[in-house]
Amino acid sequence: MAEKSGVYIDPWGATLIEDYRRVIEEFGLEPFTDEVLNQLPNPNLLMRRKVVFAHRDLKVIIDAIVNKKPFYALTGIMPSAEKIHFGTKMVVENLAYFQKQGAKTYLLVADLEAASTRGVSLKEARKRALNFHIPAYIALGVDPKKTIFYFQSENRKVMNLACELSKRLTMSELQAAYGVMTPGKVVAALLDYSDILHPQLEERIPGIIPVGIDQDPHIRLARDLARRTKVQYGFIPPASIYHKYTPALDGTLKMSKSRPGSFIELPEEPESVEKKLWDAFTGGRETVAKQRELGGKPEICVVFELFKQHLIERDEKLNEIYNKCKNGDLLCGECKTLATELMNKFMEEFQNKLERARDLIPSLQFIK
Ligand code: SF4
């Protein structure tokens, strides 16, 4: 997305966003305020802690939830890697949240996108999706009995709509949104808009797309296309929520698949988890004495961010760690030990659920 500053938010890259407030302003998002939070029934951890920081038109979805009106939620699996990272975990948790609130839920495998932008064959994408990604999404909370699954390459409606939508955009608009475009990226972007909007071909109901902020260009253009095709299709512009990045373990960039030491994958072996966490950037002081005297800085600490986003469910426990850190009553070694224990426990549970979910795969129906 081109901005006043000339910065592009690139859904295919790893751009650093330092100031989320600036992002809200420049991209025309709505902030995820307490008022919005308080209207959501049983908000999840990411919402309660404002890891979800912005939205578009969430009020439309809140209205549907509160008044028990139909709506849908949708996300896509990108089978370009054999594992997933913690940013994907957040998308799945938010999708599972809306599913629990009654959303008609779609989970698609973006195999055509993986082929056109990452060179992954359709056969390989299918294998990865069935062996790992779909079971992983189920392990992280998606209910397979209440989910509609499909592969982009098998869904005629999605392909046909992508072609129809292609007439409503120009190359300059795509370049303004994404920066340099290749033919593969054009194909992928059109399929994304079509994935997002196609549930409304059946039923004009609002939809919510939980994403990381780097995916906003897809949302913005899908919304534009909904307006441009109003006479033909009457689509309701899709709503969205945005979560912050899980920072890289060195404290600088978001976790990125292109820098293996910068992130923890799902699943990952305990020895590797331990080493990475012990090397992680913290908000600790240079010496124990200074830490005791001045306290640490949890605001910039990657270990604390992992507690906040992923590892500690109880708000009281998280507050206790925050306060003890600020008061100098906690040392970084203690936190890293706790983080390692919690992460390994999480990995063990994830692995068990993954195995159970794999048994369900042969019984899943994929729409075409
Ligand atoms: Fe982070 Fe814990 Fe160190 Fe505080 S004590 S800076 S929360 S690792």
Side-chain angles (χ1 to χ4, degrees), residues 14 16-21 23 32 34 37 43-53 84-90 93-94 212-213 242-256 259-350:
L16 171 67
I17 297 176
E18 293 180 80
D19 184 341
Y20 288 102
R21 250 178 311 219
V23 168
F32 188 79
D34 283 337
L37 174 69
N44 68 16
L45 170 161
L46 300 170
M47 295 164 181
R48 292 199 310 271
R49 294 175 187 168
K50 303 284 174 66
V51 179
V52 170
F53 73 101
I84 55 177
H85 59 65
F86 278 78
T88 308
K89 174 177 171 282
M90 292 196 271
E93 286 166 349
N94 283 331
I213 186 62
Y242 303 87
H243 60 76
K244 293 178 184 172
Y245 291 135
T246 293
L249 294 170
D250 61 11
T252 52
L253 287 163
K254 72 166 182 170
M255 290 186 174
S256 163
R259 292 178 300 123
S262 73
F263 61 91
I264 294 172
E265 289 184 303
L266 273 77
E268 189 156 328
E269 292 301 319
E271 302 75 38
S272 164
V273 165
E274 183 166 3
K275 174 159 185 347
K276 285 183 181 174
L277 285 174
W278 277 86
D279 289 344
F281 176 80
T282 71
R285 307 281 174 179
E286 307 83 69
T287 63
V288 170
K290 276 201 176 164
Q291 179 105 347
R292 293 279 183 223
E293 184 195 337
L294 302 169
K297 294 188 233 171
E299 311 79 29
I300 58 161
C301 175
V302 173
V303 177
F304 185 77
E305 202 60 27
L306 286 173
F307 287 149
K308 184 167 105 184
Q309 295 187 5
H310 302 289
L311 297 175
I312 294 184
E313 177 66 40
R314 279 201 311 120
D315 293 343
E316 303 77 38
K317 178 69 185 167
L318 189 74
N319 286 341
E320 185 190 320
I321 291 176
Y322 182 90
N323 290 330
K324 279 185 161 178
C325 172
K326 291 298 267 183
N327 297 336
D329 293 333
L330 190 62
L331 297 177
C332 297
E334 297 168 58
C335 271
K336 287 179 172 179
T337 303
L338 178 62
T340 306
E341 277 170 24
L342 293 174
M343 189 64 89
N344 284 333
K345 184 164 171 276
F346 168 78
M347 289 293 178
E348 200 184 319
E349 285 171 8
F350 173 72

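Read the numbers this way: they start at 1 and go in the same order the structure lists the ligands and their atoms. The basis for the numbers below is simple: all heavy atoms, side chains too, and nothing from hydrogens, waters or symmetry mates.
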Ignoring water, what protein N, O or S atoms are under 2.8 Å from atom 1 (Fe) of ligand 1? Cys301 SG
Under the criterion salt bridge (charged side-chain N to carboxylate O under 4.0 Å, His left out), I'd like the reasoning laid out for Asp329 against Arg292: C-alpha separation, chi angles, the key distance, then a yes or no. CA-CA 6 Å; Asp329 293 333; Arg292 293 279 183 223; 5.4 Å; no
For Lys89, the side-chain contact (heavy atoms from CB on, under 4.5 Å) test, sequence neighbours excluded, returns Phe86, Glu93, Leu140, His310, Phe346
Residue-level breakdown please: for Glu334 versus ligand 1, do any non-hydrogen atoms fall below 4.0 Å on the side chain, on the backbone, on both, or on neither? neither
Taking the side chain as everything from C-beta on, heavy atoms only, tell me whether Val51 gets closer than 4.5 Å to Thr246. no
Nearest heavy-atom neighbours spanning Leu249 and Ile264: CD1-CG1, 3.9 Å
Can a side-chain donor-acceptor contact be found between Gln309 and Tyr245 if the only test is distance below 3.5 angstrom? no
Closest protein heavy atom (residue, atom, distance) for atom 5 (S) of ligand 1: Gln291 NE2, 3.6 Å
Once you round to the nearest 0.5 Å, how far does CG of Leu342 lie from CZ of Phe307? 6.0 Å
Cation-pi between Lys50 and Phe32: NZ/CZ under 6.0 Å from ring centre and within 45° of the ring axis? no
